[in-house]
Peer 1: 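Handing you a structure now.
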2 protein chains.
Amino acid sequence: MPRPTKSQPERGDARSRLLEAARDVIRTKGFAATTVDDLCKAAGVTKGAFFHHFKSKDALGVAAAEFWAETTSQFFEGAPYHLPDDPLDRVLAYIAFRREIISDDIPAFTCLVGTLAQEVHATAPEIRDAAGASIFGHSETLEADIEAAIKAREITPDSWSAASLARHFQTVLQGGFILAKAGNDPDLARDAVDHLDRYVRLLFGLEPSKGETT
Amino acid sequence: MPRPTKSQPERGDARSRLLEAARDVIRTKGFAATTVDDLCKAAGVTKGAFFHHFKSKDALGVAAAEFWAETTSQFFEGAPYHLPDDPLDRVLAYIAFRREIISDDIPAFTCLVGTLAQEVHATAPEIRDAAGASIFGHSETLEADIEAAIKAREITPDSWSAASLARHFQTVLQGGFILAKAGNDPDLARDAVDHLDRYVRLLFGLEPSKGETT
DNA sequence: TCAACAATACCGACTGGTTGGTATTATGTC
DNA sequence: GACATAATACCAACCAGTCGGTATTGTTGA
């Protein structure tokens, strides 16, 4: 008897299938333009299943943001940029990693919660706050390494903090995603990350990296 | 006989009233969540007027992006950051100006075409391209000053160009808008601009600015 | 071990309201 | 009266959400 495959829906996984569908469809079409039927079709479930697991479309939006926070934090926890002994090397490895995972498919590398926050910031506070928690929660995971790098490299920030710089990483990434979408060109996101790399090296008094051709 | 006021609609201005309404409503609710009736109500016109001037909702989206491009380019042409004699001073004055115009009302200072591009990048190429033309058209207006600053300050960019740095200005601004929305706090956009200011000063070998408290 | 029951998961037809868009008519201007 | 502009009335498609019902899984007690 063959084990059930992932594409063959199995009883009990409708909720997670819907969340995965939401992650993919909303990044492509946006939240408002995505219908409940779109999500059901993409997940291979019916409307009954949808409203069994989520009391409204907005509730799915919140759950999708939370799902994104969980899955991405696991993904980044397991990523190799934590390996270097030197904290600044870890910070630069994070930036290099973020550059590497920019693929050719725009919806595949852009940020669900950035999209959600942009779209619903004034109309659906619960979704906005869940999206914000994901973004700022992730930036907080960078603060310790930045703080350690400041100490290890013996620099004295003029008027910025580890927390502020960590948030700026997200700023540049989110902005890079917008430009990539506007220009329909993933290279624009890569350019953004290259400038971020250069900024951090300048802040810490390092030589510029060689590999970039912005 | 009193002159007609702006709030009293006059024959012939339905189109521009709709474009102004689109600018304000779409920045708040997003494009997909904004209905044609929303726009008619905000503009004080009827549906007949809407579809007289725009053959579809998407056509209005394109026109709104073009309207944004026109009005913002006029706004920035008339702004005082062009006054300094030194080109790098003009570049830094641009950044300072962008910081100044960040108000407390998020929809009032965020970017219509960034919102549009994010939302419709994969579903409405005409709107996306009109939005992209606005963003990249604006960044191109900065290139001459950056280029002149490179020459005047006799620096040799390691692997960046004036065009790439000009685009990065838009990256940081767009990203700052996303974080401001996600955190529901305009200060997050101001922090982004402060980091951009610091980056440019570092690139050109200047001392950090004093006034910031990021 | 197994019936009896309960809880959970899921299905899909249906509904009431909304949406983008159209057809027709009215009005002001040259 | 010809033309652009704009108001009214209307429509078919679509939307989020409901509801009655079924299938599967879990629990309980003898």
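Residue numbers begin at 1 in each chain, while the letters A, B, ... track the order of the sequences.
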Peer 1: Taking only side-chain nitrogens and oxygens of A:His53, does any of them come within less than 4.0 Å of OP1 or OP2 of C:dC10?
Peer 2: yes
Peer 1: Any salt bridge between A:Asp104 and A:Arg190, counting N to O under 4.0 Å?
Peer 2: yes
Peer 1: Just the table, please: protein N/O against nucleotides 17-19 of chain C N/O, every pair under 3.5 Å.
Peer 2:
none

Peer 1: Which whole-number value in Å describes the distance from B:Phe51 CZ to C:dT25 P?
Peer 2: 20 Å
Peer 1: Please report the distance, rounded to the nearest Å, between CZ in A:Phe50 and P in D:dA16.
Peer 2: 8 Å
Peer 1: Does a salt bridge link B:Asp185 with A:Arg128, judged by any charged N lying under 4.0 Å from a carboxylate O?
Peer 2: no
Peer 1: Could you tell me the separation between the CG atom of A:Leu18 and the P atom of D:dG17, rounded to a whole number of Å?
Peer 2: 14 Å
Peer 1: Considering only C:dC11, D:dA7, C:dT22, which nucleotide approaches the side chain of A:Thr46 most closely?
Peer 2: C:dC11
Peer 1: Look only at the side chain of B:Arg167 and the backbone of B:Ser139, and say whether a donor-acceptor pair between them is shorter than 3.5 Å.
Peer 2: no
Peer 1: Give the rounded distance in Å between these two atoms: NZ of A:Lys55 and P of C:dT8.
Peer 2: 18 Å
Peer 1: Would you give me the side-chain donor-acceptor pairs under 3.5 Å for residues 63-71 of chain A, sequence neighbours excluded?
Peer 2:
{"residue": "A:Thr71", "atom": "OG1", "partner": "A:Phe67", "partner atom": "O", "Å": "2.9"}
{"residue": "A:Thr71", "atom": "OG1", "partner": "A:Trp68", "partner atom": "O", "Å": "3.3"}

Peer 1: Do the side chains of A:Lys41 and A:Asp37 get close enough for a salt bridge, i.e. N-O under 4.0 angstrom?
Peer 2: no
Peer 1: Taking only N and O in the side chain of B:His52, is any of them less than 4.0 Å away from OP1 or OP2 of D:dA6?
Peer 2: no
Peer 1: Using only heavy-atom distances, determine whether the side chains of B:Tyr81 and B:Arg98 contain a donor-acceptor pair under 3.5 Å.
Peer 2: no
Peer 1: Rounded to whole Å, please give me the gap between CG in B:Asp58 and P in C:dG21.
Peer 2: 7 Å
